[in-house]
Amino acid sequence: MDALGHFEEHIRAKVAAELAAMGFSGEIALERPDHELADLALPCFQFAKRLRKAPSAIAEELSARIHPDERIGKVWADKGYINFRVNEAVLSALVIKDALERREDFGRGDPRPGKVLLEHTSVNPTGPIHVGRARNPLIGDTLARCLRMCGHEVSTEYYVNDVGKQVVLLTWALEHLTEKDVPPSDREKTDHRLVGYYQAANRLMEASEEVADAVAAMTQRFEAGDLEVIAKVRRTVDLMLDGIKESLSGADVHLDRYIYESQFILDGSAHRVVERLKASPYAAIEDGAYYLNLEGFGVHGRDTRFFFTRKDGTTLYTTRDLAYHLDKFKRADEVLNILGEDQKLGQKQLACALRILGCDRAPECIFYSFVSLPEGRMSTRKGVVVYLDDLLEEAVDRAYQEVCSRRPDLDDERKRRIARDIGVGAVRYNIIRVQAEKQLVFKWEEALNFEGNSAPFVQYAHARCCSILRKAGDFNKSADVSVLTDPYERRLIWTLAQFQEVVRQAGDKRRINMLPTYGHELASALNQFYGAVPVLRSEHQDARLCLVEATRWALRNALVTMGIAAPEEM
RNA sequence: GGGCGGGUGGCCUAGUCUGGAUAUGGCAGCAGCCUCCUAAGCUGCAGGUCGAGGGUUCGAAUCCCUCCCCGCUCGCCA
């Protein structure tokens, strides 16, 4: 538990004891109201009926029974509420000391048992990542960082789709088409060079039966287990994946492992899943193809039939995903997936099939809605698309212009490094700040926002702290911080005290949008403090420097948890 | 049509799980603030039927019901 947690527990216990003495037993849930109002509060309306007294009278009586102590600073009743202010001198000392001692680990939770396996990104390797899909790696990578900060051991995986019509089609295209058949690519990256082949092949297949037949034949050889074709497809996929990995790395997204779908065909595990499902009482067959009857499993209407083989006996995507999940469960205690909302039914069916297989576990899925463009849904084939690479490049360019105009004193290498931190950070922040379920319309002006609720705002606050610290040089890190009683100082300390709890909740609730919200709040508190309270050459210089350094670590760690760089100058 | 998710000032958004005091911020707009630690900042003003209606409750953006709008989905695709 963090410092603030102990204060809250202490107050809760006192309130519970006094309420018990008054004749009430039960859960006591303290609130954290607007900080202007109080630090902690308890509405007393809920006790009125049981105690047969007016809420305001209960609040008055309770507040008279509870006295300030080591942790409680002030208690008072107001409009049916009993309000608390914690002992701020004690809290300040604890929080600031904690930050100055733990530095990079400030806000980090105690190690938690169990391994977490988080699958994210897993985009089909048929083209570059576009911003519609980019939500996946950004949410996934941030959640992984957040869970690690919470104390979890986390490994991340990208499930590579190297099976099926689409990747076979791409492979066919690379064999049969030449540069003349595709429009020139504006980038040298393999994913951008190859996507033209994929698009051209799609058009050809629609127009020509011959091509369609050729691709179908190749798909059949693949399904039949033709190792030559499988290897060929695998090479194509790897080519495309190289470009995708480069994009991910450009966004500071890093995955621990890449798992190929074909693995589950080759090692026979997908086949074993088929055999076990066939033997279940829910299995049925239609025209040679097997399915599970999921009626009574919470799926409705036409969705109840879940096919797990084709009529030729070959496996389907979800069948292989089943094998993959069985494998995941062997390797981890908690299994999380970040998926597009189009996967919901498939995941529901997968969960049912898992139960039928006698498996009592299921992956926990976080679904995100798609990002569309003002002109409509993104489509690689129609060319209605903004690639992640283009967004990142534009953001970094814009940031570079800003840095150049603000900091002509810096050398170019430094300016470029800062521009990269800011541009990439702005993109990540903008995607992450919105709840995953919310549908999002991509707008350049919003994506490239460097002010207000944005990564640069938080980074700027961090750079400000660093700048002050740089100018200050050595100072007394054991200074008495009880002198920090200005409203701006109190608010900043109070915000600092929330940090670990925010990270914990963001991880536990899988609500990573709490991170940017908090980052902005902290940065805002710092900026207001900065504007109103002098640090250097002030009477409380050392105490304030302690506060600035504590804030610096919280800002830095909040940024790093979001996968955003924390530049020391900008 | 069924299932799932979303709907909060002109635009974007927090809060919804776990009901409580004047609904969080940002963008855009208006008015101010750089002889002083980085103005990517700060201060102030203006802007709201929390999609609509009913219900539960001392109290509803939050819980329940009905309806409307938007998205996704309902393949022997992946």
Side-chain angles (χ1 to χ4, degrees), chain A residues 27 29 31 33-34 36-38 41-46 48-49 54-55 78-81 83 124 126 161 163-167 261 286-291 298-305 307-312 314 316-318 320-321 340-346 348 367 369-370 372 377 399 402-403 406-407 422 426 430 433-441 443 445-446 449-461 463-472 509 511 513-514 516-517 520-521 523-524 526-528 530-538 544 548 569-570:
Chain A
E27 275 293 296
E31 296 180 0
D34 191 296
E36 302 286 305
L37 238 39
L42 181 71
C44 296
F45 311 93
Q46 49 189 320
K49 215 168 246 174
D78 185 28
K79 288 177 286 195
Y81 287 80
N83 289 330
N124 286 350
T126 50
N161 164 239
V163 176
K165 212 183 298 172
Q166 289 171 60
V167 282
E261 194 179 332
E286 182 184 81
D287 197 15
Y290 283 88
Y291 66 91
V299 282
H300 306 278
R302 288 182 293 225
D303 306 335
T304 54
R305 299 201 316 172
F307 279 88
F308 61 94
T309 75
R310 294 193 183 89
K311 67 178 165 199
D312 63 6
T314 54
L316 290 156
Y317 173 79
T318 312
R320 300 185 290 266
D321 205 15
E341 58 177 338
D342 55 336
Q343 307 283 323
K344 277 185 189 174
L345 179 59
K348 175 113 194 159
F367 297 104
S369 295
F370 289 116
S372 60
R377 191 176 174 171
E402 294 288 331
V403 176
R406 288 161 207 270
R407 298 299 302 274
I422 292 170
N430 253 288
R433 55 179 256 265
V434 182
Q435 286 178 23
E437 314 81 65
K438 223 129 178 167
Q439 53 208 40
L440 229 142
V441 178
K443 296 191 186 99
E445 42 161 339
E446 279 169 23
N449 174 34
F450 291 168
E451 291 169 359
N453 191 4
S454 70
F457 180 93
V458 183
Q459 291 171 316
Y460 187 70
R464 271 186 158 168
C465 293
C466 292
S467 173
I468 293 175
L469 262 8
R470 205 163 36 237
K471 291 202 164 129
K509 295 178 174 176
R511 298 277 288 280
N513 65 301
M514 290 176 75
T517 301
H520 180 261
E521 193 186 327
S524 183
L526 182 275
N527 282 334
Q528 286 167 27
Y530 179 92
V533 183
V535 177
L536 267 16
R537 294 174 298 280
S538 70
R544 285 178 183 159
V548 170
E569 58 181 352
M570 60 187 275

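In what follows, every chain begins at residue 1, and chains take the letters A, B, ... in the order their sequences are listed. All heavy atoms count here, side chains included; hydrogens, waters and symmetry mates do not.
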### Query
If you look at every strand shown and take non-hydrogen atoms under 4.0 Å, does A:S467 touch a base, only sugar-phosphate, or nothing?
base
### Query
Taking all non-hydrogen atoms of both residues, which atom of A:P516 and which atom of A:N453 are closest, and how far apart?
O-OD1, 4.4 Å
### Query
Hey, is the side chain of A:N83 pairing donor to acceptor with the base of B:A21 inside 3.5 Å?
yes
### Message
What contact category does A:Y530 fall into here, base, sugar-phosphate, or nothing, at under 4.0 angstrom with non-hydrogen atoms?
### Response
base
### Query
Once each nucleotide of nucleotides 72-78 of chain B is scored for protein heavy atoms under 4.0 Å, what B/S/- sequence comes out, 5' to 3'?
SSB-BSB
### Query
How far does CZ of A:R433 sit from NZ of A:K438, to the nearest 0.5 angstrom?
10.5 Å
### Query
In whole Å, what is the span from the CZ atom of A:F367 to the C1' atom of B:C4?
9 Å
### Task
Quote, to the nearest angstrom, the C1' distance that separates B:C69 from B:U22.
31 Å
### Task
Working to the nearest 0.5 Å, report the span between OG1 of A:T314 and CZ of A:R320.
8.0 Å
### Query
Going from CG on A:L526 to CZ on A:R464, what distance comes out if it is rounded to the nearest 0.5 angstrom?
7.5 Å
### Task
Kindly write out the residues that satisfy side-chain hydrogen bond (donor to acceptor under 3.5 Å, both in side chains) with A:E341, not counting sequence neighbours, or none if the list is empty.
none
### Message
At 4.0 Å (heavy atoms only), tell me whether A:G531 reaches a base, stays on the sugar-phosphate, or touches nothing.
### Response
nothing
### Query
When the distance from CE of A:M570 to C1' of B:A39 is rounded to whole Å, what number comes out?
12 Å
### Message
Using a 4.0 Å heavy-atom cut-off, does A:A41 contact any base of the nucleic acid, only the sugar-phosphate backbone, or nothing at all?
### Response
base
### Message
Nearest to the side chain of A:F457, heavy atoms from C-beta on, is which of B:G41, B:A39, B:G5?
### Response
B:G41
### Task
Nearest whole angstrom, please: distance from the P of B:A21 to the CG of A:D34.
10 Å
### Task
Examine the side chains of A:Q528 and A:S524 and answer whether a donor and an acceptor come within less than 3.5 Å of each other.
yes
### Message
What is the separation between atom CZ on A:F45 and atom P on B:U56, rounded to the nearest whole Å?
### Response
21 Å
#### Entry: For RNA chain B, stems built from three or more consecutive Watson-Crick or G-U wobble pairs below 3.5 Å
B:1-7 with B:68-74, B:10-12 with B:25-27, B:29-33 with B:41-45, B:51-55 with B:63-67
## Note on the structure
Residues A:T318 and A:G346: closest non-hydrogen pair is CG2-O, 4.1 Å
### Query
Between A:M570 and A:R407, what is the shortest heavy-atom contact and its length?
O-NH1, 2.9 Å
### Query
Heavy atoms under 4.0 Å, any strand shown: does A:V403 hit a base, just sugar-phosphate, or nothing?
base
#### Entry: P atoms of B:A14 and B:G25, separation to the nearest Å
14 Å
### Summary
Distance col, row A:Y291:OH vs A:F308:CZ, nearest 0.5 angstrom, shows 10.5 Å
### Task
Using the closest heavy atom to pick a nucleotide of RNA chain B for each, name whichever of A:V535 or A:L42 lands nearer the 5' end.
A:L42
#### Entry: Spacing between A:F450 atom CZ and B:C27 atom C1', to the nearest angstrom
15 Å
#### Entry: Inter-residue atom distance A:Y317.OH - A:N161.CG, 0.5 Å rounding
7.0 Å
### Query
Looking only at atom C1', what distance separates B:A61 and B:A28, rounded to whole Å?
25 Å
## Note on the structure
Contact string for nucleotides 10-19 of chain B, one letter per nucleotide 5' to 3', B = base within protein heavy-atom range under 4.0 Å, S = sugar-phosphate only, - = neither, reads --SSSSBBB-
### Query
What does A:E569 touch in the nucleic acid at a heavy-atom separation under 4.0 angstrom: a base, only the sugar-phosphate, or nothing?
base
### Message
Taking side-chain hydrogen bond (donor to acceptor under 3.5 Å, both in side chains) as the definition, give me every residue that meets it alongside A:N513, ordered by chain and number, with sequence neighbours left out.
### Response
none
### Query
Looking at B:U22, B:C42, B:G5, which one has an atom nearest to any side-chain atom of A:S524?
B:C42
### Task
With sequence neighbours excluded, tell me which residues meet side-chain hydrogen bond (donor to acceptor under 3.5 Å, both in side chains) with A:S467.
none
